[in-house]
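Every chain is numbered from 1, with letters handed out A, B, ... down the list of sequences.
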2 protein chains.
Amino acid sequence: MGRWEPNARGRLARAALVLSAEKGYENTTVAEIAAVAGVTERTFYRYFVDKADALFPDNTQLLTLLATAVGDARRAGDRPFDAALAAVRQLAGYASQEPERPRLMAQVIPTVPALVGRDLVRQRQIVGAVSRALVDDGVPTIDAQLAAETALGVWRVAVTEWARESAVGSLLDIVNTTAAVARAVAGA
Amino acid sequence: MGRWEPNARGRLARAALVLSAEKGYENTTVAEIAAVAGVTERTFYRYFVDKADALFPDNTQLLTLLATAVGDARRAGDRPFDAALAAVRQLAGYASQEPERPRLMAQVIPTVPALVGRDLVRQRQIVGAVSRALVDDGVPTIDAQLAAETALGVWRVAVTEWARESAVGSLLDIVNTTAAVARAVAGA
DNA sequence: TTTCGGGATGTCAGAGTCTGACATCACGCA
DNA sequence: TGCGTGATGTCAGACTCTGACATCCCGAAA
């Protein structure tokens, strides 16, 4: 720690998200974000490569978490799709640690094409990690990819539903409900 | 037409692609693109909302073309996945009209994260159009989405292969080969 | 206790992206 | 001949992002 307030990165990320939700991503300048966080615009760019980066925090830790969840589920006897859903539940738990974030994200992202693209890239990383974990466990590649892709579809639908103000229940509940629906539909 | 050379938009798009392939997207300035096209930087922004937009031409015509291809295939008795593949072949024919474009695109896009995201958005539009066309033809939603998603996967693999200099044969041939492989793998 | 290196931040300058406002020019129609 | 219109040019400016250099304080070493 230095002589400054610690966790500048966290304050910047939080300020970026709150301001973007309040007045729109494109109406929020990096200078404002930095000011709210109590640092300089230049310092912002020492923590994030660009403005959008502040909204999409580092993923690597989450990705290994998901891979572990898949491995555990497989060892417990889950079939591929169930194991992929275990990863999605892990995702829900992860998101619930800080419930405001995903809700605000779901509110901000659709309004800015560039953020939509960035989110798609991030989702592909997740699909890739889950799929790879399944393959590492002996699941055929195609099955693994389909399982991961479908599970991520469940996640997308669940988060969308959960982000609606009218939605009731925890994110985990909604994920479970959505997964059940997906299973029923796919089973037909 | 005015007193200027016609088709400023086309010249701008071409210049953007050629320059980006030559010296990299990020090393190419809008001012350069405009200069090569013989117009002003300001005029560039009258045709494209941003720099990346010049590399991703308007889609709507293509999307209806694909939907039509799906409908025709369905009327000819094709099953959903085959109909989706018909759309991909249409895509191949479309791309072959100007063979240099997709090749250069495949060379430029991976080098710039923002372009990757943009390309994913565009692919989702295609998946959506194909999927919707199938649904309109009575295919259950899940089946339609899976068919469209898988067919687009074939397209991605095929274009990647085709973009490699060592690749031989027409794009359409490669698509057919790739589709056969996908079918064999998925059939196991 | 003093000194000094280093990590985090600030300051400054500048290139590049994108936008708004207004001027200009030639073509076609009245 | 004159005028309206659409495409383009010109100009100014806000914002994003980066490189170079200065500054400051903490902690280790003398």
N-O pairing of A:R183 and A:D82 below 4.0 Å: yes
- prompt: Please give, in whole Å, the distance from D:dT16 P to B:K51 NZ?
  reply: 17 Å
statement: From the candidates D:dC17, C:dG16, C:dT9, the one with an atom nearest any side-chain atom of B:T29 is C:dG16
message: If the threshold is 4.0 Å, N to carboxylate O, is there a salt bridge linking B:E98 and B:R14?
response: yes
message: At 4.0 Å (heavy atoms only), tell me whether B:Y47 reaches a base, stays on the sugar-phosphate, or touches nothing.
response: sugar-phosphate
- request: To the nearest Å, give me how far apart CZ (A:R9) and C1' (C:dG7) are.
  value: 17 Å
task: Specify the residues of residues 33-42 of chain B, ordered by number, for which at least one heavy atom lies under 4.0 angstrom from an atom of DNA chain C.
output: B:E41, B:R42
- request: Please tell me which of the listed nucleotides, C:dC18, D:dT8, D:dC17, lies nearest to the side chain of B:D50?
  value: C:dC18
field: Distance in angstrom units between A:F44 CZ and C:dT11 P, rounded
entry: 18 Å
message: Would you say A:T43 places a side-chain N or O within less than 4.0 Å of OP1 or OP2 belonging to C:dA8?
response: no
- prompt: Can you tell me if the side-chain N/O atoms of A:Y45 get under 4.0 Å from OP1 or OP2 in D:dC17?
  reply: yes
- prompt: When rounded to the nearest 0.5 angstrom, what is the spacing between CZ in B:R9 and CZ in B:R11?
  reply: 13.0 Å
- prompt: Atom CG of A:L12 and atom P of C:dA8: how far apart are they, to the nearest Å?
  reply: 14 Å
query: Rounded to the nearest 0.5 Å, how far apart are CD of A:E149 and CD1 of A:I142?
result: 11.0 Å
- prompt: C:dT17 P sits how many Å from B:F48 CZ, rounded?
  reply: 15 Å
query: Between B:D50 and B:R118, is a salt bridge (Lys or Arg N to Asp or Glu O under 4.0 Å) present by the stated rule, with each step listed?
result: CA-CA 12 Å; B:D50 59 31; B:R118 194 121 171 178; 3.1 Å; yes
query: Minimum heavy-atom separation for A:V127 to A:A148, with atom names?
result: O-CB, 3.7 Å
Candidates C:dA21, C:dT19, D:dT16 - which lies nearest the side chain of B:R46: C:dA21
query: When rounded to the nearest 0.5 angstrom, what is the spacing between CG in B:D137 and CZ in B:R74?
result: 4.5 Å
